[in-house]
Every structure is written in structure tokens, then in C-alpha cells.
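Computed from a predicted structure; not experimentally measured. Just so you know, these numbers use all the heavy atoms, side chains as well, and skip hydrogens, waters and symmetry mates. Just so it is clear: chains get the letters A, B, ... in the order the sequence lines come, proteins before strands, and each one is counted from 1.
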Protein chains: 2
Amino acid sequence: MTTQRRVLIETMQEAKEHLDVSSLLALARKREPGIDRATVYRTIEKLKKFGLVDELDLMHMNGEKHYYEVKPKRDHVHLACLQCGQVEEFSSPLFEQLKREITEQTGFEILVTRLEVGGRCSVCRNSNKR
Amino acid sequence: MTTQRRVLIETMQEAKEHLDVSSLLALARKREPGIDRATVYRTIEKLKKFGLVDELDLMHMNGEKHYYEVKPKRDHVHLACLQCGQVEEFSSPLFEQLKREITEQTGFEILVTRLEVGGRCSVCRNSNKR
DNA sequence: TGCTTGTTGCGACTAAGTCGCATCTAGAAG
DNA sequence: CTTCTAGATGCGACTTAGTCGCAACAAGCA
């Protein structure tokens, strides 16, 4: 457990939005200026492997970046509005049930899941009906 | 509707596995040698926008490529085995029900979905227990 | 306090994807 | 059948994301 890793984990925990690598790096550098891009990638890699963070694409709304969040207790869906860019989260027992069904019917052991949805959020739907 | 687009679409339809951009390009060039990488990207972009193809990441098993498939009638889950690299598909009424629930409860209009699962397939689980 | 193993920073590199621009072509209009 | 034009293509240069080897460094155990 090095200073850099501690800083990165704290930064992710305190962030209220999903961070991509470059904003995570920028924020982390406010605390620990010398921290390197490669360290961020290597740390994320480890955290993913240990199941401590989840990786998101958010439907590639802004280029090909990846976003990260500390793994929640309960998996949730990310609803990405393709119009305004807002990201909502949604969780449901149905999702848990679906995962159970997958394991039962296919024998596949689930380690990570990623359910992303792209579309239009209710705000955008109301502001411009079409 | 240009020759290039026709070739790209046919290539995707006839492929039995999920293609990334470079293998799609390679296959398409067997029919239409001059076809360019930029054209592939631009065509995929259009096809995504029209809802004719789906984009997959397959949990980034082999680098950061994206994979494409012609959009199926019924959305399905991709189960990517992190050990052997095999990709299974799975569809279920529960998934449809979950999508309906999302729309009802959040007012979010769903245009695309992507549900990917990473783990160990039944074959790998049996061959090496744990 | 010293030692060892794993981590970091650095810089150079690869791979994925984008863009501007000149040329070309599909297919509508005459 | 010929002409015309909007939109598509090919090309090449570029950007951005992510990786890697290596020497220097630090965590934390003895």
C-alpha cells in the first residue's frame, strides 16, 4: 500500500461523478503532484482485478475513454442520455434475478457485469417531444 | 448505398464471430481491395446511429478493441470467459422485463443496451475447479 | 537499520480512432 | 442517355488512449 495508491483510491471514493483516467490523474495530482499516468493505469488494473472498482464506457458518449467507480454493493445499470450526457443509475431485483438465471442456465460463473443503456432521459424527452 | 457499404454490411452478416475493425477491414478487402480504414469507421458510425449494428467491448479481453454485430431481433447478453476467451450469448424474457421496468420507473427512453458479463464459462470451471 | 521485493516515474512506443481535403460516384433530374 | 450535385471515399497526417522496459525508489519485515 503506497502513498500513490491511497491517494488514487481516496480520490475515486470522494468523487461524486464517474472519473476517466485523465480527470482522475488531474485530481490525484492535487494531493500528490508527482503521480504518473502509468501508475494510474497500473493501479486501476489491480483494483479491477481485485473487484474493487468497475469500469464503464458510458456508451462512448465523449470519445473512447473509460470511466471508473468504486464497486457498489449492489450492481446497477447506467442510463446514459445521448442528448444531454447525463448519467443516471438504476438498480433492481430483476437484475439480480437475471444474473442468477444466467448462472443457473449456462453454468457461467459471473465475476463482473456491465449493463449500460443509451437513450433519452425523461428531462430531454419532455423538453423536446419528438 | 455505395459498394463499400454493401460490402461491409455483407461481411458483417456472413461473419460467424464478432468482428473488430481491423478484421472487418481485412475481410472486406478480400472483396473490395481498395477499401479504407476511415470508411469502415464512418460506416460503422452510421450503422450504429440507425440502430443496425450493436457495439461490444467484450470486457476488453484483448486490448481496447470494439466488436460489432448486426443487431439481433432480441437483445442478448454476452458472456465473456476471462479464462479461455470464449463468448456465449444468452437471452431471456427477464432482460426484456428489466428494460420495461427501467422505462416505466425512470421515464428513460431506451435506444441501445449493452449487457456484458465477465467470468468463467462452464467448461473452464469444470476443467480446473477453483 | 538494512534488505528485498514490488512500485514508481520516465520516456519512448503502439494501437485505436479522427479529420481535412481533393477526388469520385450514386442516383435524381432533365 | 447525359448532366449535375450532395454525399461518400481514399489518403495522409494527426490526436488520444494505453503499454512497456528500465533504472531509481520506498514499504515494511527481519
Side-chain angles (χ1 to χ4, degrees), chain A residues 1-12 17-50 52-69 80 82 85 112 114 116 118, chain B residues 1-12 18-50 52-69 82 85 112 114 116 118:
Chain A
M1 179 50 62
T2 64
T3 314
Q4 290 86 333
R5 288 190 184 164
R6 210 181 340 264
V7 167
L8 286 171
I9 293 170
E10 285 169 12
T11 304
M12 291 189 66
E17 18 157 44
H18 303 115
L19 299 175
D20 61 15
V21 170
S22 60
S23 37
L24 173 56
L25 179 58
L27 285 175
R29 274 186 171 155
K30 291 194 178 163
R31 301 191 184 200
E32 185 65 20
I35 200 165
D36 194 75
R37 202 160 39 99
T39 302
V40 177
Y41 281 109
R42 289 188 278 230
T43 303
I44 285 176
E45 205 48 45
K46 285 240 158 54
L47 294 174
K48 274 202 291 180
K49 202 163 274 164
F50 281 89
L52 295 172
V53 306
D54 277 336
E55 183 179 62
L56 318 171
D57 291 321
L58 300 182
M59 295 322 253
H60 304 122
M61 284 188 305
N62 310 303
E64 308 300 318
K65 315 176 208 273
H66 295 130
Y67 298 85
Y68 300 91
E69 69 178 4
L82 302 173
V112 255
R114 193 154 86 212
E116 301 193 347
Chain B
M1 179 49 63
T2 64
T3 314
Q4 291 87 333
R5 289 190 184 165
R6 209 182 340 266
V7 167
L8 286 171
I9 294 170
E10 284 169 12
T11 305
M12 292 188 67
H18 303 115
L19 298 176
D20 62 16
V21 170
S22 62
S23 37
L24 172 57
L25 179 59
L27 285 175
R29 275 188 170 153
K30 291 194 177 163
R31 302 191 183 198
E32 185 64 20
I35 200 165
D36 193 75
R37 202 161 39 99
T39 302
V40 177
Y41 281 109
R42 290 189 277 230
T43 302
I44 285 175
E45 205 48 44
K46 284 243 158 53
L47 294 174
K48 274 202 291 180
K49 201 163 275 166
F50 281 88
L52 296 173
V53 306
D54 278 335
E55 183 178 63
L56 318 171
D57 290 321
L58 300 181
M59 295 323 252
H60 304 121
M61 284 188 305
N62 309 303
E64 308 298 318
K65 314 175 208 275
H66 295 130
Y67 298 85
Y68 300 90
E69 69 178 4
L82 302 174
V112 255
R114 192 153 89 211
E116 302 192 347

Q: Under 4.0 Å: is that the gap between some side-chain N or O of Gln4(B) and OP1 or OP2 of dG10(D)?
A: yes

Q: Tell me the interatomic distance from Lys46(A), atom NZ, to dT5(C), atom P, rounded to whole angstroms.
A: 16 Å

Q: Of all the nucleotides listed (dG9(C), dA27(D), dT7(C)), which has the minimum atom distance to the side chain of Thr3(A)?
A: dA27(D)

Q: Please tell me if Thr2(A) has a side-chain N or O lying less than 4.0 Å from either OP1 or OP2 of dT8(C).
A: yes

Q: Can you check the His66(A) NE2 to dT19(D) C1' distance for me, whole Å?
A: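 Computing the His66(A):NE2 to dT19(D):C1' distance gives 14 Å.
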
Q: Can you tell which of dG9(C), dT7(C), dG10(D) lies closest to the side chain of Asp36(B)?
A: dG10(D)

Q: Using whole Å, what does the distance between atom C1' of nucleotide dA6(D) and atom CE of Met1(B) come to?
A: 16 Å

Q: Taking the side chain of Tyr41(A) as heavy atoms from C-beta outward, which of dG17(C), dG9(C), dG18(D) is closest to it?
A: dG18(D)

Q: When Val53(B) is tested against each of Met12(B), Lys46(B), Glu69(B) for side chain to side chain contact (heavy atoms under 4.5 Å, CB included), which residue passes?
A: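 Among Met12(B), Lys46(B), Glu69(B), the one meeting side chain to side chain contact (heavy atoms under 4.5 Å, CB included) with Val53(B) is Met12(B).
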
Q: May I have the distance from Ile35(A) (atom CD1) to dA26(D) (atom P), rounded to whole angstrom?
A: 14 Å

Q: Among dT7(C), dG12(D), dA17(D), find the nucleotide with the atom closest to the side chain of Ala38(B).
A: dG12(D)

Q: Output the rounded distance in Å from CG (Asp57(A)) to C1' (dG17(C)).
A: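 Going from Asp57(A) (CG) to dG17(C) (C1'), I get 15 Å.
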
Q: Do you see a donor-acceptor pair shorter than 3.5 Å between the side chains of Thr39(A) and Asp36(A)?
A: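 Absent: no donor and acceptor within the cut-off.
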
Q: Return whichever of Gly34(B) or Arg37(B) has its heavy-atom-nearest nucleotide of DNA chain D closer to the 5' end.
A: Gly34(B)

Q: So does His60(B) get a side-chain nitrogen or oxygen closer than 4.0 Å to the phosphate oxygens (OP1/OP2) of dG18(D)?
A: no

Q: Let's go through Glu32(B) and Arg6(B) carefully: what are the C-alpha distance in whole Å and the side-chain angles of both, what is the deciding distance for salt bridge (Lys or Arg N to Asp or Glu O under 4.0 Å) to 0.1 Å, and is it a yes or a no?
A: CA-CA 10 Å; Glu32(B) 185 64 20; Arg6(B) 209 182 340 266; over 6 Å; no

Q: Expressed in angstrom and rounded to an integer, what is the separation of Lys65(A) atom NZ from dT15(D) atom C1'?
A: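 About 12 Å, once rounded to whole Å.
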
Q: What about Arg42(A), does its side chain sit under 3.5 Å from the base of dG6(C) through a donor-acceptor pair?
A: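 A donor-acceptor contact between them is absent.
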
Q: So if I take every side-chain heavy atom of Glu64(A) and compare against dT8(C), dG17(C), dG10(D), which nucleotide ends up nearest?
A: dG17(C)

Q: Mind calculating the distance between CG (Asn62(A)) and C1' (dT15(D)) to the nearest angstrom?
A: 16 Å

Q: Without hydrogens or angle criteria, can the side chains of Asp57(B) and His66(B) be said to hold a donor-acceptor pair below 3.5 Å?
A: yes

Q: NZ of Lys48(B) versus P of dG17(C): gap in Å, rounded?
A: 9 Å

Q: Check the pair Leu47(A) / Tyr68(A) against side-chain contact (heavy atoms from CB on, under 4.5 Å), numbers first and verdict last.
A: CA-CA 10 Å; Leu47(A) 294 174; Tyr68(A) 300 91; over 6 Å; no

Q: Quick check on DNA chain D: between Arg6(A) and Val21(A), whose nearest nucleotide comes earlier from the 5' end?
A: Val21(A)

